[in-house]
Amino acid sequence: MTKVTLISGSTMGSAEYVAEHMAEILEELGHETNVQHGPELDSLPLEGIWLVVSSTHGAGDLPENIQPLAEEIANQSPDLSKVQFGAVGIGSSEYDTFCGAIQTLSTLLLDHGAKRIGENLEIDVQQHEIPEDPAGEWVKIWAVEL
């Protein structure tokens, strides 16, 4: 059984719902989960599996509740070489900064030594009114690589 720490960054709650939905699926598949909404760095394990879910706010910006974590990683430069992660972004293709937040977070994690499992999932709310649906399908495939 693999433990997965799900980290959400959300402005209106959609990323939180997606993270919780994926946690349920991971648990059904036999994994242990820990969901944290906008956590601080010291509450996260610096090893193991992270699944980061974030909406994009404004002009490609991080949601307010995950900005402190990103700043801590950028400023403290923790060694994340023992972290493997997946990344799920939620955004609207109406904007040229579509899923900019998850791209920023993925790059930040990679720059600090974390290794990505699979490709980022970028959910377009213009195509998927219920973002939990594509996220649920994606996490089933992603979990095979754990």
Q.
I'd like to know if the side chain of S8 and the backbone of S10 have a donor-acceptor N/O pair within less than 3.5 Å.
A. no
Q. Which pair of heavy atoms, one from P39 and one from Q36, lies closest together, and at what distance?
A. CB-OE1, 3.1 Å
**Q.** Distance, nearest 0.5 Å, that separates OG of S77 from CG of D111
**A.** 9.5 Å
(Q) If you apply the rule side-chain contact (heavy atoms from CB on, under 4.5 Å), what do you find for W138 with I123, and how did you get there? (A) CA-CA 10 Å; W138 179 88; I123 301 170; over 6 Å; no
Q | Contact summary for T97 and G60, nearest pair of heavy atoms | A | OG1-N, 3.2 Å
Q.
Does any part of the side chain of P68, heavy atoms only, come nearer than 4.5 Å to the side chain of E40, both counted from C-beta?
A. no
(Q) Could you measure the distance from the CD1 atom of I90 to the NE2 atom of H57? Nearest 0.5 Å is fine. (A) 14.5 Å
Q | Side-chain donor or acceptor of T56 paired with backbone N/O of A101 under 3.5 Å | A | yes
Q) What heavy-atom pair brings E145 and G118 nearest, and what distance separates the two atoms? A) OE1-N, 3.9 Å
(Q) Is it true that S93 and Q126 share a donor-acceptor pair across their side chains at a distance under 3.5 Å? (A) no
Q: Search all heavy atoms of C99 against all heavy atoms of E122 and return the closest pair with its distance.
A: SG-CB, 3.6 Å
Q: Examine distances only and state if a side-chain atom of K3 and a backbone atom of I49 form a donor-acceptor pair shorter than 3.5 Å.
A: no
Q) What pairs with E119 under salt bridge (Lys or Arg N to Asp or Glu O under 4.0 Å), at least two apart in sequence or on another chain? A) none
Q. Linking Ile, Leu, Val, Met, Phe, Trp and Tyr by side-chain heavy atoms under 4.5 Å, what else ends up with L44?
A. I7, L41, L46, W50, V52, L62, I66, L69, I73, L80, V83, F85, I102, L105, L108, L109, L110
Q.
Does K115 have more than 12 heavy atoms from other residues, nucleotides or ligands lying within 6.0 Å of its NZ?
A. yes
What pairs of donor and acceptor atoms, side-chain ones from residues 16-26 against any protein atom, are under 3.5 angstrom apart with sequence neighbours left out?
unit_1	atom_1	unit_2	atom_2	d
E20	OE2	H37	NE2	2.9

Q: Step by step, work out the side-chain contact (heavy atoms from CB on, under 4.5 Å) result for L146 and L29.
A: CA-CA 11 Å; L146 301 181; L29 295 172; over 6 Å; no
Q.
Tell me whether E27 at atom CD has more than 12 heavy atoms from other residues, nucleotides or ligands lying less than 6.0 Å away.
A. yes
Q. Can you tell me how far the CG atom of L51 sits from the CD1 atom of I117, to the nearest 0.5 Å?
A. 9.0 Å
